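Data first, discussion second: the structure below is written as C-alpha cells.
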Amino acid sequence: MNLWSAISIMAFSFYIYVGGYTYRSFQKTVVAKIFIWLCLSLAIWSLAYAFVYVAPDDSLLWMKISALGWCTYSAIALHTTLRFADCKPFLSPVRQAALYLPAAVFLYMSVFLFQPDAGPSEWVSDFFYIGEFLYEFIYLLLAIAILIRMARKTEGQRGRLLRNIAVAGAVPFLLNLLTQFVLPALDYHVLPPVGHLYSLIMIAGIYYANVKYRLFSIPSDILFDELMTEMMDLFFLLSPEGRIMKVNSRAESLLGYQTGELLERPLSNFLEKGTGLEFLAKGNLSAGVPSHMEVNCVKLSGELLPVRLSCSVIVDKAGELLGIVVMGQDMTITKRLEQEIRIQQETEARLRESEERFRGMFDKHTAAMCLIEPETSRILSANDAAQHFYGYTLEQFAKMTLDDLHLTTEAVQEAAAIEEGAGCGAYNRSEPFCLQHKLADGQIRDVEIHASPIHFGSRQIIFAIIHDITERKKAQDYITFLAYHDSLTGLSNRKHFYETVEAELSGLQPEDGRLALFYIDLDGFKYINDTYGHENGDYLLSEFAGRIKTYTRESDLVSRIGGDEFAVLLFNMNGLPEAQSIAEQITSSLNKPILKDGLEFLVQASIGISIYPEDGTSADTLIKAADHNMYAMKRGKKREAQQTG
C-alpha cells in the first residue's frame, strides 16, 4: 500500500462516517437523505482508487467500479443543493430524475465501452472526455452559484455558514479543474487522479456546519415564516413607519387581496377611519401602543371585517424602534354569536319575569323540548311534545339520564361547550347535531338536536329542542339512491354503471382476470310500448330486469342505461364461452312470456358481448365493442327475418 492508497482508504472511512452521522442526525429531512448518497458516491470513488494505486494489473476493473462514484457525484451534488435551496421547479420527481441522465450516460460508457481488448472509436472517446468535462463543470458550477446566491440573500449565522460552504465547495472544484484538466492539457502531469480527495474539504465543511450548527435541520426562521403564513388569524409585521413588511396568507384572504398586494402599504389604509390606530403610519410607536383593541378592517370589496388586534413593538438594546407586530383575530363569528347571545339573554330576561309564561310556552310547544342538568346529565323536565314523542311520562323522565335515550353526555357537552367541572360554558356551536334516540316502544328515530345553555333562576342548564328527522333522512337517502339507480327497475343507472366500469378497470391489470360486459337491447319494445301503453311497457322492463338478475351473480353489476337498454358487468369470467352461456340463459328466459292483466308479451333481446382485455382495456372501448356486437346481432336477426319472410 502506497501513500495515495492509504489516504484514499482514510477518505473512504471519513465519507462513510459523515454519511452515517448525517443519517442518524437528520434522517427526516430530504436534503440529508440525498447528501448521504453524495457521501456514498465519494466513498465508492475513494475505495476503488485505493486499489487503482496499488494494483495496476487490475486498474481497469477498479476504474470501472470508481465510475459509480465520480460519474454520479456531480449530479448528486447539484441535486442536494437544489433541494437545500428549496428550488420550486425541481420539486417535481420527473425533473429531479432528469438531473441524473448525463451521469447514467457516462456511467454506461465507462463500464461497457472502455474494454481492455477493444477501446471505443476516436469520436466516442472525444465525446466521452469532452462531454464528461462539461457535465461535471456545469453541474458543480451551478451548485456553487446556488450556494453563493443563497448566502447573499441570507443574513446572520446561517448566511455565514452558506458562504463558508460555498468556498469549501469551490476549492475542490478549482483544484480538480487545475490538476485534472488544465495542467494535463499543458502536458504537466504533477499528480495522479485524486479528485476524490479534494472533496474532503467540502464534506468536512458541511460536516462541521452540521455538528456545530445543525445546518440540515429546518431553520427556526423558516418554521416561523411557515407558522405565520398558515395560521388562521391575521398577522402583520410593520416597519417603524407603519408599512406592511410581512403578512400571512390568511390576512390576505380575509381582506380579499392577492399574494403580495398588501406589502409596502400602510396598515392604516386598511383600517376604518376613527378606529384610533391611524398613528400606525406616523412612525411614533415607541410609546403608548395599545396592547389590545377591537377595530374594523376594510376589505377590498369595501365590506368591514371586525377584528381584535394585539400590537407590540420590537426594539433593539438601545431602545430604538425596529418594527411593530400586529396580530388579529377575526371577530365575525364572535360578533354574530354575541348578537345571538344578546337576543337570547333578552329573551331569557323576559322569561324570568314570568315563570308561568315560560312554563306555558315550554309545556305546550309543539316541538319536543327537554331541560338537562349538565353536571349529571339528568333530565330535569320534558314538555308534553317530548312525552308524546318518546312515550315516557314526566315521572319516568325524572328518573332518566341522557344515556337512557342513547344520547351521550359527551355529545351534549360538546354541542353546548360545557367545560368539565365548570357547569355550562359559553355556547360556541351554532349548528345542530344529529343522533339516534330510542323510544319507549323500542323504535329508533333519527333526531336533530339544538342545544344551548340558559339561565334558570340561579343556575345554568341545557335547553334542548329535539326534531324528529327520520322521514326527512329517509327522503334524503332515497334522493341519494336515485342519483345512482333507476327508479323503475331499482337497477343502477347509466352514471353508476360507467363510473363502476372505469373504477374497476383503473386498478385492473390484464393478468388479473377477465371481465365481461353485456350491452342488451329489447327487440320490438317500442311496438309494445306504443300499442299497449307505457304502464305495460314499464311492467315488461321491470320483469326483464328481474330475469337478468336471476341469471347473474350478486357480485355482478346489472344496470338500466336507457329506455329499453341494459348493461351487465360480470366479474371473474373464464372467457367468451362462459359469457355466451350466461347471455344465452338471459335470452332463453324470454321464451317464457310475460303476463299482465290477461295480456301475454313475447319479446326477444339482442346481446352484445365484449371481454376484457381481449376487446379493450378501457371503459369506452369495451362499451363500444359490446354496443357494436349488439347491433351486429340485431342486423343478423333482420336478415334472417327477411330471408324467411
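Note: hydrogens, waters and symmetry copies are ignored here, and every other heavy atom, side chains too, is used. Remember, it's a predicted structure, so these values are computed and weren't measured experimentally.
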Taking the side chain as every heavy atom from C-beta outward, state whether [X] and [Y] have any atom pair closer than 4.5 Å.
| X | Y | result |
| --- | --- | --- |
| R547 | I594 | yes |
| L162 | F84 | yes |
| N536 | I528 | no |
| R250 | L234 | no |
| L522 | L540 | yes |
| V18 | N210 | no |
| L541 | D564 | yes |
| M573 | I582 | yes |

Lys/Arg-Asp/Glu bridge criterion (N-O < 4.0 Å) met for K624, D620 =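 So K624 does not pair with D620 through a salt bridge.
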
Do the charged groups of E543 and K596 touch, with an N to O distance under 4.0 Å?
->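 Answer for the salt bridge query: no.
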
Taking all non-hydrogen atoms of both residues into account, name the closest pair between [X] and [Y] and its distance.
| X | Y | answer |
| --- | --- | --- |
| R95 | P89 | CD-O, 3.0 Å |
| C434 | I469 | SG-CD1, 3.8 Å |
| F112 | K64 | N-NZ, 4.4 Å |
| A626 | L517 | CB-CD2, 3.6 Å |
| L569 | T500 | CD2-CG2, 4.4 Å |
| L262 | E252 | CD1-CG, 3.9 Å |

Tell me, yes or no, whether the heavy-atom count around [X] atom [atom1], taken from other residues, nucleotides or ligands under 6.0 Å, exceeds 12.
| X | atom1 | value |
| --- | --- | --- |
| L595 | CG | yes |
| K637 | NZ | yes |
| Q604 | CD | yes |
| F133 | CZ | yes |

Just grab all the ring-ring contact (aromatic ring centres under 6.0 Å, His included) pairs involving residues 551-599, residues at least two apart or on different chains.
->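 Found F544-F566.
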
Hey, mind stepping through F525 and V603 against side-chain contact (heavy atoms from CB on, under 4.5 Å) and telling me if it holds?
-> CA-CA 7 Å; F525 173 76; V603 294; 5.9 Å; no

Find the distance between [atom1] ([X]) and [atom2] ([Y]) and round it off to the nearest 0.5 Å.
| X | Y | atom1 | atom2 | value |
| --- | --- | --- | --- | --- |
| L99 | T72 | CG | OG1 | 13.0 Å |
| L515 | D615 | CG | CG | 11.5 Å |
| I146 | R149 | CD1 | CZ | 9.0 Å |
| W37 | H79 | CH2 | NE2 | 12.5 Å |
| S559 | K495 | OG | NZ | 13.0 Å |
| K299 | L255 | NZ | CG | 8.0 Å |

Please confirm whether the backbone N or O of [Y] pairs with a side-chain atom of [X], one donor and one acceptor, at under 3.5 Å?
| X | Y | value |
| --- | --- | --- |
| N629 | I609 | yes |
| S110 | F106 | yes |
| S492 | Y484 | no |
| S588 | E584 | yes |
| R472 | K474 | no |
| S46 | A43 | no |
| Y135 | C71 | yes |
| T531 | Y527 | yes |
| E565 | Y519 | no |

Check the pair T617, L505 against side-chain contact (heavy atoms from CB on, under 4.5 Å), reporting the backbone distance first and the verdict last.
-> CA-CA 7 Å; T617 56; L505 293 180; over 6 Å; no

If the plane angle is over 60° it's perpendicular, under 30° parallel, otherwise tilted; pick one for F128 and W70.
->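 Ring orientation, 0 to 90° scale: perpendicular.
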
Measure up the F481 and Y478 rings against each other and bin them: parallel (under 30°), tilted (30 to 60°), perpendicular (over 60°).
->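 It falls in the parallel class, under 30°.
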
Please test L40 against Y15 for side-chain contact (heavy atoms from CB on, under 4.5 Å), starting from the C-alpha separation and ending with a verdict.
-> CA-CA 7 Å; L40 184 60; Y15 293 140; over 6 Å; no

Does one side chain, of D523 or S606, offer a donor that lies under 3.5 Å from an acceptor on the other?
->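 Yes - a donor-acceptor pair under 3.5 Å links their side chains.
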
Under 3.5 Å side-chain donor-acceptor pair for Y73 and H196 =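 Their side chains do not contain a donor-acceptor pair, so the 3.5 Å distance test is not met.
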
Could you check D486, I520, I548 and say which one makes a side chain to side chain contact (heavy atoms under 4.5 Å, CB included) with R560?
->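 With R560 as partner, side chain to side chain contact (heavy atoms under 4.5 Å, CB included) holds for just one option, D486.
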
Would you check, one step at a time, whether the test side-chain contact (heavy atoms from CB on, under 4.5 Å) holds for Q585 with T550?
-> CA-CA 10 Å; Q585 294 177 41; T550 300; over 6 Å; no

Which one of R445, K473, H437 satisfies the side chain to side chain donor-acceptor pair (under 3.5 Å) criterion with D468?
->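 Among R445, K473, H437, the one meeting side chain to side chain donor-acceptor pair (under 3.5 Å) with D468 is R445.
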
Validation row, ring centre F26 to ring centre F35 under 6.0 Å |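 So the answer is no for these two rings.
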
